[in-house]
Amino acid sequence: MNKYRSHNCNELRKDAVGKDVVLSGWVNKKRDHGNLLFIDLRDNYGITQCIIQKENSNFVELEKIQLETVIRIEGKVVNRSKDTINKEIQTGGIEVEIQNFKILGKCKELPLPVFSDQEYAEEIRLKYRFLDLRRKKIHENIILRSKVISFIRNEMSKLEFLEFQTPILTSSSPEGARDFLVPSRLNPGKFYALPQAPQQFKQLIMVSGFDKYFQIAPCFRDEDARADRSPGEFYQLDLEMSFVEQDDVFKVVEKLLVNTFKEFSNKKLLFNKFPKITFKEAMLKYGSDKPDLRNPLVINDITEIFSRDDVSFEIFKKLVKSGSNVRCIVTKKTKDKPRSFFDNIDKWAKEQGASGLAYFTIEKDKEVYAKGPVGKFFSEKSLNEIMKKTGSEVGDSIFLACGKKNELEKITSLARDKIANDLELIDKNTFAFCWIVDYPMFEKDEVTNKISFSHNPFSMPQGDIEKINFDKPLDILAYQYDIVCNGVELSSGAIRNHIPELMYKLFSIAGYSKGDIDEKFSGMINALSYGAPPHGGIAPGIDRIVMLLANEKNIREVTMFPMNQNAEDLMMNAPSEIKEEQLKELSLSLKIKK
RNA sequence: GGGGGUGUAGCUCAGUUGGUUAGAGCGAUCGCCUGUCACGCGAUAGGUCGAGGGUUCGAGUCCCUUCACUCCCGCCA
């Protein structure tokens, strides 16, 4: 027998009564009755109640012991009488009568309570992460994360994907996020970059003939944090396949995600076959390329209505004439909602920086009319037309926004969430996956008018390569896709461009010369000219998958040792200053920005 | 880089219109308690009210500056 334990703290049941056992664990909780002391002993697996009477010579010392001290106890398993059974814990039918004990790890006064459901400040949680991680909820989240990852590994292996590691020290790339840089001692003045994703490597793996690759890959991006975005590093299930079309990738990922979500959550999947929504349609109907499809509300464009003579909503009409659009959200059967419901949404919209949301409700007496502050501007005929266009009926309400396309997408997307939340239209007990497809290859920067890649520059453009009209780059669509679940962007992927000439052409549109490509992507562009298979892949975010499964809103709740918003590790004190001689060795000198 | 929120005991928080010695629960320490499982009871200790400045007879409270944490915008191919 191991000297620390004969059983773990979640192992003993009624059938062990009478046995002599050795348990080790943390003192989770004490209940001191003066002549009788209960100690809840906790380890990774569970809790066992231990008990000691005053007659025992160890009583005095145990009575004084700090919570979270690690102890080893020797004792006898005893039955609990019927009225003292604790159904909350799995070992609740028995308890262990302590005969002897030993302190294995002392504990100072705690800076935060471990045994408590209380929320407390992030700063202290991160500084004492090892204590925080002992707490039930987050402990279970981290275990879930581990299980999800090994489940995914297993599924991928079953599908005959091979797992490979790719370099962590690689080269800086000109596109995308800021790189984390690592100075090279042997090459003074030169830097490695940590990979933002193993993008080029996984393509090189395909060129090397391995056919199907995956990796639980660390990715590093030096960008600002959000609740669902760790600063610094995060993990992707990176995968790539040769000789595939878009649908082949979809098939693999759909199966994997459906299996994973069914395995680890009791929530319903709204779609087993994920709907495909084009980028363009998503931006119109949901105002976003990461729509929450649990939300039944859709956005409609009704700009045309405002060029009718029988509509006298002059403010909107004037804006429409100067190029604005009008989009609306219909809420079903809301005619009896109080005035405050509508006004709150209008007020909320103003707080979001929009000029507000106009609204009216469609009513009918003898004829159809619109009720509400702007109702009087609409004729019966125009209302019929609106109802036809938006699928609305008498008793429904319509919220209207007018503006330029970008502003409209932003405010209607926010309004869609806000209104659905107010009306409690979102079923929190479901997962709604979808594919967003047909992303444009390029986009135009509104300020600089410069054309740049809208997503991944290595994506394959759609259509017959011979016939692509490069003079209209903004019309070129790519085999580029995202997976979205409940409004969370889980991953993006693409069929890659494996044809060097085509890549030079596309990069030239974004302002890169052949020389730039040869220099910046030398490994890959070179490889593509030695017989590259058509290939494609995707990279679902592991952290976000676990977030959804654990029902957490913050990525730090599913990350073992996260950094804070300023990308500092408060426990390890990273980043830290370094010695002058280290700088010297790296041929670096500091010039700190003020 | 910008905007919002928060900051009071080890932890979670209350603190009225600016007014006596800044409070509670948990935790800590000490004492009592033989069936608890958030055990119970009593006592004690514990405070740079984030920091600095200002207004005032008087500031935790009002004003200015600043710092920390957090949420959001920008950013994240």
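None of the values given here were measured: they were computed from a predicted structure. Note on naming: letters A, B, ... go to the chains in the order of the sequence lines (proteins, then strands), and numbering restarts at 1 for each one.
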>> Between B/U70 and B/G50, how many Å separate the two C1' atoms, rounded to a whole number?
In response: 15 Å

> What is the pairing partner of B/U6, taking Watson-Crick or G-U wobble pairs with both distances under 3.5 Å in any strand?
Replying inline: B/A68

>> Measuring only the P atom in each nucleotide, how far is B/A43 from B/C69? A whole number of Å is fine.
In response: 41 Å

> Looking for any heavy atom pair under 4.0 Å, which part of the strands does A/Asp117 touch: base, sugar-phosphate only, or nothing?
Replying inline: nothing

>> As a test of understanding, state which of A/Phe507, A/Phe201, A/Tyr504 forms a ring pair (Phe, Tyr, Trp, His ring centres under 6.0 Å) with A/Phe521.
In response: A/Phe507

> Base, sugar-phosphate, or nothing: which does A/Leu37 touch, judged by heavy atoms less than 4.0 Å apart?
Replying inline: nothing

>> Considering every strand and a 4.0 Å limit on heavy-atom distances, what is the contact class for A/Glu95: base, sugar-phosphate, or nothing?
In response: base

> For B/G58, which nucleotide is its Watson-Crick or G-U wobble mate, given both distances must be under 3.5 Å?
Replying inline: none

> C1' atom, B/U55 versus B/U65: distance in rounded Å?
Replying inline: 15 Å

> So, do A/His33 and B/U36 meet the stacking rule of ring centres under 5.5 Å and planes under 30°?
Replying inline: no

>> Can you check the distance between B/G25 and B/U20, where both ends of the measurement are the C1' atom (answer in whole Å)?
In response: 25 Å

> How long is the gap from CD1 on A/Ile517 to OH on A/Tyr512, to the nearest 0.5 Å?
Replying inline: 7.5 Å

> When rounded to the nearest Å, what value does the distance between P atoms of B/G46 and B/G3 take?
Replying inline: 42 Å

